[in-house]
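Below is one structure, written out as structure tokens; comments come after it.
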There are 2 protein chains.
Amino acid sequence: MDKKIKIGIVGYGNVGKGVELAIEKNSDMKLEAIFTRRDSKTLKTKGLTDNVFNISEAVKFKNNIDVLILCGGSATDLPKQGPYFAGMFNIVDSFDTHAKIPEYFSIIDKEASIIGKVSLIATGWDPGLFSMLRLIEESVLPDGKGYTFWGKGVSQGHSDAVRRLKGVSDARQYTIPIDSALKRVRAGENPEFCTKDKHLRDCYVVAEEGADLERIKKDIVSMPNYFADYVTNITFITKEEMNKNHSKMPHGGLVLRSGNTGVSNKQIIEFSLTLDSNPEFTGSVLAAYARAVYRLYKEGQKGAKTVFDIAPKYLSQKTYSELLKDML
Amino acid sequence: MDKKIKIGIVGYGNVGKGVELAIEKNSDMKLEAIFTRRDSKTLKTKGLTDNVFNISEAVKFKNNIDVLILCGGSATDLPKQGPYFAGMFNIVDSFDTHAKIPEYFSIIDKEASIIGKVSLIATGWDPGLFSMLRLIEESVLPDGKGYTFWGKGVSQGHSDAVRRLKGVSDARQYTIPIDSALKRVRAGENPEFCTKDKHLRDCYVVAEEGADLERIKKDIVSMPNYFADYVTNITFITKEEMNKNHSKMPHGGLVLRSGNTGVSNKQIIEFSLTLDSNPEFTGSVLAAYARAVYRLYKEGQKGAKTVFDIAPKYLSQKTYSELLKDML
């Protein structure tokens, strides 16, 4: 490896911190700068770089950063930051509003193409690794059926929804794949599932003193979109139990495909993640794809890309002859 | 999709038949010809093509076949057929002699580059999909440890070794991952294993009448390289039981990586295959990669490639905008 890949981080939330930790694990990368919307002076980073600035200063690093990793959210941050930075830097982001991906892709593609840089959007684990596995599994077993299960893991959106209820002071919601459903897929049954057949929702709730627990339960299980279509377990716990047992952000999931070859041979492909820390794993995936973006840019490529465009070799620190020798 | 991809098959053994079955499942492909070393007149194919010829006739199809899939063995067939056909056709093969891959790659690369065609070598599931997953898992979790387990599945080599013993009329050997070893990996222990810790060998043997069963057992468990380093189970069965219960060719395996992010968060990635038919699945993978080879060739690429060079999008029948919309 020649010189290190200089990475910039935009957004110092959970995912941004995950990227920072990932850079430490990748010896061919160097953290060049962190950009935040908060007061940069108060940011407590790991100290890999002294360059901690307000996001408005990022433009000054245009020629000093090889790849900028955007760690903001898809709802409000990325729709603005993506196109803005794609017109200046090579970028990687984890845009995950599935329905808007085609539109976002074409906006980013235009910006990146004009300046001749590479923007890799919508990576992480889903979208990201899971998307890639869905594609590969379907391509190899066209006569079959694919399934994605999520969890066991914390859903931020569902936890927030419970927290907003009257009488609730804190809540954590775990999405859990239903084991009997997984077993049917693995047995090659190719079942049709409705929503509640695949996942159950497990809630841990800290109630305010004197709150009506039965009413809270009813409010949760009847909440449209979030819980009404699922089997939901609710457990009331103390604030102390919440802090002690539910402070981590585990997640994971599975991408399975059950297919047929020949007359009746069943073939099952399964990819699964079991993650202690969702944001740290996401950060690790973003870092690996930043390496790919850097290399594609060096080869003269430009425009918007997704995981579907990235040949595996671009993700690895190893040289091609090492890959042939050690990994094939 | 415009016109169908015209595929040729060289070698009509188990894998060749698996490719034939896979082509039937891929609506964008057409079987153009089958080439065999046997008497082509006696070959019983599925009838997808009338072009069934001796392998010496293949050269005449130079301009009529988009991708030739070589289904011969790595020991003696591919070292000759690979370079020969790479100098004429776009090819895909499943060369799997790990130690010789770099040398084979460079010979094929030379031939394919001269004529400006694409040769994808060493694909299938291992080498192939497993290699790709090893690379991806390591790239995403550089601080970690990777493991490959094979089975439960029939090992042809080990079955043959038992069959060659005096007093044995038939034998089938299954390689089986040891569950307790898998559990330790999944628990994030990052264990060091020696050979016998990961797999056990399960043999089903039909003995000749009057054969010395104890001597056969001793010959099996003491056989160097094949069994001496493993825990081996041996069950004697009748010819009828063998035909009834052990005629399929199941296989599979797992590629796992257990890694750390941050201070102490464990992250586990797991990819697994559970296959009723090893050769039919291998044939399905070869067919998907034939699609990729065809597209790379159309883009003007040339030379030897491996799974590491193939961006996932090239494997799919779907258009890029379908992939963005449906799969990301």
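- Your options are V285(A), L256(A), T306(A), and the one with the most heavy-atom pairs under 4.5 Å with chain B is T306(A).
- Between I7(B) and I69(B) there is a side-chain heavy-atom pair separated by less than 4.5 Å.
- Taking G128(B), A288(B), S284(B) one by one and counting their heavy-atom pairs under 4.5 Å with chain A, the maximum is reached by S284(B).
- Side-chain contact check for N260(B) and S264(B): no donor-acceptor pair (N or O, by modelled atom type) lies under 3.5 Å.
- Contacts with chain B were tallied for D143(A), D309(A), L275(A), L273(A); D309(A) has the most, counting heavy-atom pairs under 4.5 Å.
- Heavy-atom distances place no part of D326(B) under 4.5 Å from chain A, backbone and side chain included.
- Using a 4.5 Å cut-off between heavy atoms, V307(B) touches chain A through backbone and side chain atoms alike.
- Only the side chain of M132(A) comes within contact range of chain B, judged by heavy atoms closer than 4.5 Å.
- For the atom pair CD of E270(A) and CG of L133(A), the computed distance is 11.0 Å after rounding to the nearest 0.5 Å.
- Of the two parts of L129(A), only the side chain, counted from C-beta on, holds a non-hydrogen atom closer than 4.5 Å to a non-hydrogen atom of chain B.
- Contacts of L21(A) with chain B are made by side-chain atoms alone, with heavy-atom separations under 4.5 Å and no backbone atom involved.
- Contact annotation for K248(B): only side-chain heavy atoms (C-beta onward) come within less than 4.5 Å of a heavy atom of chain A.
- Open room surrounds NZ on K46(B); 12 or fewer heavy atoms of other groups in view lie less than 6.0 Å from it.
- Both the backbone and the side chain of E280(A) have a heavy atom closer than 4.5 Å to some heavy atom of chain B.
- The contact between F105(A) and chain B is made entirely by side chain atoms (from C-beta outward), counting heavy-atom distances below 4.5 Å.
- Neither the backbone nor the side chain of L286(B) comes within contact range of chain A, judged by heavy atoms closer than 4.5 Å.
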So K318(A) and E138(B), salt bridge (Lys or Arg N to Asp or Glu O under 4.0 Å) or not? Walk me through it. CA-CA 10 Å; K318(A) 292 197 161 119; E138(B) 182 187 87; 3.1 Å; yes
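- Taken to the nearest 0.5 Å, the OG1 atom of T148(A) stands 9.0 Å off from the CG atom of L254(A).
- Classified by interplanar angle (parallel below 30°, tilted 30° to 60°, perpendicular above 60°), the ring pair F130(B)/F271(B) is perpendicular.
- Residue I310(A) touches chain B through its backbone alone, counting heavy-atom pairs closer than 4.5 Å.
- Taking a 6.0 Å sphere around NZ of K302(A), one finds it holds 12 or fewer heavy atoms contributed by other residues, nucleotides or ligands.
- Shown here is K325(B), whose NZ atom has no more than 12 heavy atoms of other residues, nucleotides or ligands within 6.0 Å.
- Most heavy-atom pairs under 4.5 Å with chain A: of the set G283(B), S272(B), P127(B), G146(B), this distinction falls to S272(B).
- The contact between K305(A) and chain B is made entirely by backbone atoms, counting heavy-atom distances below 4.5 Å.
- At a 4.5 Å heavy-atom cutoff, the contact between L141(A) and chain B is made by side-chain atoms alone.
- For a residue to count as touching a neighbouring chain, one of its non-hydrogen atoms must lie under 4.5 Å from one of that chain's; by this rule S321(A) does not touch chain B.
- Within the 4.5 angstrom heavy-atom criterion, no atom of D96(A) approaches chain B.
- Between chain A and the options P312(B), G18(B), G259(B), the largest number of non-hydrogen pairs under 4.5 Å is found for P312(B).
- When the candidates I101(A), I136(A), T274(A) are compared by the number of heavy-atom contacts under 4.5 Å with chain B, T274(A) comes out ahead.
- Interface summary for chain A: among L315(B), V263(B), V255(B), V140(B), the most heavy-atom pairs under 4.5 angstrom belong to V140(B).
- The candidate with the highest count of non-hydrogen atom pairs below 4.5 Å against chain B, out of K25(A), R134(A), R291(A), H98(A), is K25(A).
- Interface remark: of the candidates N265(A), T261(A), D126(A), L324(A), N265(A) forms the most heavy-atom pairs closer than 4.5 Å to chain B.
- Considering CZ of R257(B) and OG of S139(B), their distance stands at 8.5 Å, rounded to 0.5 Å.
- Between A290(B) and V92(B) the shortest heavy-atom distance is CA-CG2, 3.7 Å.
- Ring centroid separation for the pair Y314(A) and Y320(A) does not come in under the 6.0 Å cut-off.
- At a cut-off of 3.5 Å, with distance as the only test, a side-chain donor of Q317(B) or S27(B) sits close to an acceptor on the other residue.
- In this structure, N14(A) CG and C71(A) SG are separated by 10.5 Å, a value rounded to the nearest 0.5 Å.
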